[in-house]
Novice: 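I have a structure I would like to understand better, so I am pasting it below and will then ask my questions one at a time.
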Amino acid sequence: MVYAISFLSNYQGNQEVISTLTEVAANIAEAPFVRAQALEGIGNKLSHELPENLYQPAVSVIIQGLDDTEPEVRFWSCFAAGALEIKETLPKLQLLAQTDKTIVAGWWSVGEEAEDSVTLMTGGEPPLRKPYNLPTN
């Protein structure tokens, strides 16, 4: 359900959707991939025109996600921080770009995603990346 909510275009900017995605992303009892999907959805959908009572909690969840133990959650928190240009995350994103080499299956490293977000926030254009192919056992 989170996946569908994150990508259906007719939900763009819907306050209930943002509220739901924020609740899911903040719920550590949810599976990491579900929380990550919610963070991606927030990054795709959140508008600065939302009321402060919805915008600020979503931003807080993104910031918290940058320190999550799960790489997938950190990755999509980096994405959302860059997509929304949350300037207060720049120091943490720069640190992750330098230190977090964990690769997220089907994508690239958390650090590379953090680097891309820093590039976006500083007026640059991130490179087109090819996903890493992780070995299967």
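Basis for what follows: all heavy atoms, side chains included, without hydrogens, waters or symmetry-related copies. Residues: numbered from 1 along the sequence shown.
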Novice: Just to verify, what does Pro57 make a side-chain contact (heavy atoms from CB on, under 4.5 Å) with, not counting sequence neighbours?
Specialist: Thr22
Novice: Does atom CG of Leu95 have more than 12 heavy-atom neighbours from other groups under 6.0 Å away?
Specialist: yes
Novice: State the CD1-CG distance between Ile18 and Leu54, to the nearest 0.5 angstrom.
Specialist: 8.0 Å
Novice: Might you point out which heavy atoms bring Ala97 and Lys101 nearest each other, and give the distance in Å?
Specialist: O-NZ, 3.6 Å
Novice: With sequence neighbours left out, what residues match Pro91 under side-chain contact (heavy atoms from CB on, under 4.5 Å)?
Specialist: none
Novice: side-chain contact (heavy atoms from CB on, under 4.5 Å) with Ala26: which residues, sequence neighbours excluded?
Specialist: Val61
Novice: Are the side chain of Glu112 and the backbone of Ser109 linked by a donor-acceptor contact shorter than 3.5 Å?
Specialist: yes
Novice: How long is the straight-line distance from OG1 of Thr102 back to CD of Glu113, given to the nearest 0.5 Å?
Specialist: 13.5 Å
Novice: Is there a donor-acceptor pair under 3.5 Å between the side chain of Asn44 and the backbone N or O of Glu40?
Specialist: yes
Novice: With rounding to the nearest 0.5 Å, note down the distance linking CG in Leu39 to CZ in Phe79.
Specialist: 10.5 Å
Novice: For residues 66-83, which residue pairs qualify under side-chain hydrogen bond (donor to acceptor under 3.5 Å, both in side chains), counting only residues two or more places apart or in two chains?
Specialist: Arg35-Asp68, Asp67-Lys92, Arg74-Asp100
Novice: Running the 4.5 Å side-chain criterion over Ile, Leu, Val, Met, Phe, Trp and Tyr, what cluster does Leu66 land in, apart from itself?
Specialist: Leu90, Leu93, Leu96, Val118, Met121
Novice: Kindly compute the distance separating CG (Leu120) from CD (Glu115), expressed to the nearest 0.5 Å.
Specialist: 11.5 Å
Novice: How long is the span from the CG atom in Leu21 to the CD atom in Glu16, to the nearest 0.5 Å?
Specialist: 12.0 Å
Novice: If the condition is side-chain contact (heavy atoms from CB on, under 4.5 Å), which residues does Ser60 pass it with, not counting sequence neighbours?
Specialist: Gln56
Novice: How long is the straight-line distance from CD1 of Ile62 back to CG of Leu84, given to the nearest 0.5 Å?
Specialist: 5.0 Å
Novice: Search all heavy atoms of Gly106 against all heavy atoms of Pro131 and return the closest pair with its distance.
Specialist: O-CB, 3.1 Å
Novice: What closest approach, in Å, do Ala83 and Gly43 show between heavy atoms, and which atom pair accounts for it?
Specialist: CB-O, 3.6 Å
Novice: Checking the side chain of Ser117 only, and the main-chain atoms of Ala81 only, is there a donor and an acceptor separated by less than 3.5 Å?
Specialist: no
Novice: Where do Phe75 and Val104 come nearest, in terms of heavy atoms and distance?
Specialist: CB-CG2, 3.6 Å
Novice: Got a sec: does the NZ of Lys130 have more than 12 other heavy atoms crowding it under 6.0 Å?
Specialist: no
